[in-house]
Amino acid sequence: MVCKEWPEINLEEYEGVWVAAFADDEGKEIEEASLQLIGAARELADKLNTHVGVALIGSGVRKLAEEPIYYGADRVYVVDDERLSTYYPTVWGRVLYELASKYKPEVFLIPATLRGRELAPYVANSFRTGITADLTSMDVNERGDVVLIRPPFGGFMLAHIVTRNRRPVMGSVRPNIFPTPERDESRRGEIHEERVEIPPPKGIRLLSREPILKKEEIPIEKADVIVAGGKGIGSKEGFELLKRLADLLGGVIAGSRKAVDAGWIDHDKQVGQTGKAVKPNLYIAVAISGAAQHVFGIREAKRVVAINIDPDAPIFEHADYGIVGDYREVVPALIELLEEMKGKKGGGD
Amino acid sequence: MLKMVVGIKWVPNTTSVNIDPKTGTLIREGIPSVVNPHDLEAVEMALRLKDEYGGKVTVITMSPPSAIAGLEHVLGMGADEAILVSDRAFAGADTLATSYVLAKVIERLDYDLIIFGQETIDSSTAHVGAQVASWLDLPYVYYVTHAELRDRKLVVRRSLENAHETYELELPALISVAMHTLHPRRVKVSNKLRVKLENPIKTWSNQVLGLDPECIGLRGSPTALSKIEMVPKVPRKNEVFRGDAREAAKWLLEKLMEEGLLKLG
Ligand SMILES: Cc1cc2nc3c(=O)[nH]c(=O)nc-3n(C[C@H](O)[C@H](O)[C@H](O)COP(=O)(O)OP(=O)(O)OC[C@H]3O[C@@H](n4cnc5c(N)ncnc54)[C@H](O)[C@@H]3O)c2cc1C
Ligand SMILES: Nc1ncnc2c1ncn2[C@@H]1O[C@H](COP(=O)(O)O)[C@@H](O)[C@H]1O
């Protein structure tokens, strides 16, 4: 017996690992979060011995249909329609549902950008299937079931989640959890131009959409160098010191949740499980203790530096280079040395 | 007059939450619980709309009876009535089964607007709102920072990664409130007194709702926990320097230089 609110399905019919891909506002390129998911899907599909499918929907996206293939997809299903020029969760959710209903993928992954997080549960619900939010890895168990893995609550444990009796197995993935695959223009695949029913938006109308003017500032998820401060910074002025260091290194500042809660830095610069995952070449954690939820966000950082007054701070276990000391002495020393080095290089910039 | 329903969750308030590896459910014993802080922001938004346009705020939660303390808190803030949706049959629900029950509860209420928090601190899925919208076939918008009425329509603002957006919603509709945007008001003594006198908390079990046991709780949940493990550590060099600050700074910059990680302007 199963819930009568769930349509009957035949599990055997579901095959392939699908990813929903979205283009940026100008329709110039596919969002990086989608490309990263294609890479992750490729790995899972290889374990399952199946294909990677990409649902590419939007207005004017046909011209981007080769891109998912270059990043690892085998089949691309495009719905390019003027009526999708405006994003509405119920409309886009319906289109993704219709498309996936037709081809029945075993797994369907949606990037957990803010839009994706809004959309993914709606799509899952249309299938009356479950969905795992913010997964960080995927696997196949002894029985051949797909296992989606996510850190619940604490962030120090991983929950393995299986989907019983329903398909697709659905999951959402935050940006920068998986690396962006190499682009390979020699890859070949199929492109299917699809027509599905596109319902008009019901009860909702977009009145305005203004791009956030990205002041010349680089968002932390795109930065090469990040200097992040924690509770131990103690004040807003302390963050100004970090900013000077970040400027010298060509980077940006970020913070732990406690620093955000204290109001020293904005929430969009929070690193960690409930903030953002980042992937800089260099991450400098200053006066951050290294809670599991925080280090969750720096898994893709190439090198991690920790500056902390407490030699037993857990952050040292997650760092390549650690300095035990008071940041109020270490950071000014770094600034001074860097300025000297810059000076020698030819009179500064 | 705006009839609003707000969904709140009673969650363990600690960073050291654990899962029972046998049952795969949260170990709640000994951990103090609170109303999910982001849901207090949802209550706050509802109360502001009520202050502005008049109306009624009904708070619902699906939870074991201990959540009564949380319902009392939001009634103390000024909500009008509360429903505790509680039954052993609802236990172990994933977000599909949770949203199903909440949708069935809301269906029985007279409502214009449903307001949810952005996400819960214990599972942070941000799923339940969109799923309820799907069950009830309602328009919805997440991450709302501001809402107002214009000609019986709700105009809401939100900010995504790269854009500010304004939407107009016909009622009934569902929204979720972006976290860290509103300061929830304090509990008022006069409201607490009212709660004592009027007892505005109702409890709905599945006897009231009469839902098919196959669609709720553990049985109505397609997702299941198969295993819990520790997070594998990303391998790092773990070299540590102790000593004079200037020496330390030198040591670090040399390391970074060697690895080509220093780009000086
Ligand atoms: C569900 C959930 C999600 C969470 N999500 C996140 C998240 O996304 N991001 C996040 O960061 N946290 C998150 N947290 C919170 C996390 O558990 C920690 O509480 C938080 O990361 C700690 O921040 P902190 O390291 O800045 O502060 P603390 O833990 O208080 O550490 C401060 C550190 O500063 C050091 N210090 C003090 N003075 C100095 C000085 N003068 N010089 C050098 N060092 C000094 C101290 O030794 C200490 O190690 C989450 C928690 C939960 C429960
Ligand atoms: N058991 C519940 N009872 C009532 N509302 C809930 C419940 N669980 C989640 N919600 C609402 O749904 C939002 C999103 O929750 P989640 O999907 O768990 O992150 C929360 O902020 C609440 O407003």
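To find a chain, count down the sequence lines: A is the first, B the second, and so on, and within it residues start at 1.
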What part of S137(A) gets within 4.5 angstrom of chain B, counting heavy atoms only: side chain, backbone, both, or neither? neither
Nearest 0.5 Å, what's the CZ-CD distance between R205(A) and E168(B)? 4.5 Å
Given 3.5 Å as the limit, does a donor-acceptor pair link the side chain of K233(B) with the main chain of E317(A), or not? yes
Which bit of I131(A) comes within less than 4.5 Å of chain B, counting heavy atoms only: side chain, backbone, both or neither? both
Test side chain to side chain contact (heavy atoms under 4.5 Å, CB included) on V324(A) and V240(B); report intermediate values, then the result. CA-CA 7 Å; V324(A) 180; V240(B) 176; 3.7 Å; yes
Identify the two heavy atoms, one from C3(A) and one from E214(B), that lie closest to each other, and give their separation to 0.1 Å. CB-O, 3.5 Å
Given the options V330(A), V225(A), L334(A), which has more heavy-atom pairs under 4.5 Å with chain B than any of the others? L334(A)
Aromatic ring pairing H180(B)/H267(A), orientation class (parallel under 30°, perpendicular over 60°, tilted between): tilted
Heavy-atom cut-off 4.5 Å, strictly under: side chain, backbone, both or neither for D145(A) against chain B? neither
Part of L160(B) lying under 4.5 Å from any heavy atom of chain A: both
Can you tell me which portion of N141(A) sits under 4.5 Å from chain B's heavy atoms? Options are side chain, backbone, both or neither. neither
One should read off an interatomic distance between E329(A) CD and D244(B) CG, to the nearest 0.5 angstrom, of 8.5 Å
Using side-chain heavy atoms (C-beta onward) and a distance below 4.5 Å, is E210(A) in contact with E165(B)? no
Of all heavy-atom pairs between A245(B) and A333(A), which one has the smallest distance, and what is that distance? O-CB, 3.8 Å
Which bit of S99(B) comes within less than 4.5 Å of chain A, counting heavy atoms only: side chain, backbone, both or neither? side chain
If you measure from CG on L96(B) to CD on E5(A), what distance do you get to the nearest 0.5 Å? 10.0 Å
With only heavy atoms counted, which part of L211(B) is less than 4.5 Å from chain A, the side chain, the backbone, both or neither? neither
Is there side-chain contact between I228(B) and H160(A), with heavy atoms separated by less than 4.5 Å? no
V162(A) portion near chain B, given a 4.5 angstrom heavy-atom threshold: both
Quick one: does any side-chain atom of Q131(B) pair with a main-chain N or O of N125(A) as donor and acceptor, under 3.5 Å? no
Answer yes when E340(A) and R246(B) have at least one side-chain N-carboxylate O distance shorter than 4.0 Å, and no when they do not. yes
Greatest number of heavy atom pairs closer than 4.5 Å to chain B - which of R166(A), H318(A), R299(A): H318(A)
Under 3.5 Å, is there a donor-acceptor pair between the side chain of Y167(B) and the main chain of S208(A)? no
Contact summary for L261(B) and R303(A), nearest pair of heavy atoms: CD1-CG, 3.4 Å
Give the minimum heavy-atom separation between A126(B) and R117(A), together with the two atoms involved. CB-NH2, 3.7 Å
Is C215(B) close to W6(A) at the side-chain level, that is, under 4.5 Å between some pair of heavy atoms? no
Do I212(A) and N162(B) touch side chain to side chain, with heavy atoms closer than 4.5 Å? no
Give the member of P222(B), P139(B), S176(B), A173(B) that has the highest number of heavy-atom pairs under 4.5 Å with chain A. P222(B)
Taking the side chain as everything from C-beta on, heavy atoms only, tell me whether F316(A) gets closer than 4.5 Å to E239(B). no
For G130(A) versus T223(B), what's the shortest heavy-atom pair and its separation? CA-CG2, 3.7 Å
Which atoms of W135(B) come close to chain A, meaning under 4.5 Å heavy atom to heavy atom: side chain ones, backbone ones, both, or neither? both
Verdict with reasoning, R94(A) to S134(B), per side chain to side chain contact (heavy atoms under 4.5 Å, CB included): CA-CA 10 Å; R94(A) 186 75 203 175; S134(B) 160; over 6 Å; no
Heavy-atom cut-off 4.5 Å, strictly under: side chain, backbone, both or neither for E119(B) against chain A? side chain
Among T113(A), D24(A), V260(A), single out the residue with the greatest number of heavy-atom pairs under 4.5 Å to chain B. T113(A)
Roughly how far, to the nearest 0.5 Å, is CD of E161(B) from CG of L114(A)? 3.5 Å
Verify salt bridge (charged side-chain N to carboxylate O under 4.0 Å, His left out) between E259(B) and K302(A), making sure each step is shown before the conclusion. CA-CA 11 Å; E259(B) 293 198 84; K302(A) 191 164 158 224; 5.9 Å; no
Considering only heavy atoms, which portion of N165(A) lies under 4.5 Å from any heavy atom of chain B: side chain, backbone, both, or neither? neither
Write out, in numerical order, the residues from residues 145-158 of chain B with a heavy atom short of 4.5 Å from a heavy atom in chain A. R150(B), V155(B), R158(B)
Applying a strict 4.5 Å limit to non-hydrogen atoms, the region of Y97(A) in contact with chain B is neither
Return the CG to CG distance between L282(A) and L262(B), rounded to the nearest 0.5 Å. 7.5 Å
A side-chain contact here means heavy atoms from C-beta on lying under 4.5 Å apart; do T90(A) and Y140(B) qualify? yes
Do the non-hydrogen side-chain atoms of K202(A) and E170(B) ever get within less than 4.5 Å of each other? no
Do Y321(A) and N238(B) have side chains that get closer than 4.5 Å, going by heavy atoms? no
Return yes if some donor-acceptor pair links the side-chain N/O of D320(A) with the main-chain N/O of R236(B) below 3.5 Å, else return no. no
d(Y142(B) OH, R115(A) CZ) to nearest 0.5 Å is 15.5 Å
Between R164(A) (side chain only) and S221(B) (backbone N and O only), is there a donor and an acceptor less than 3.5 Å apart? yes
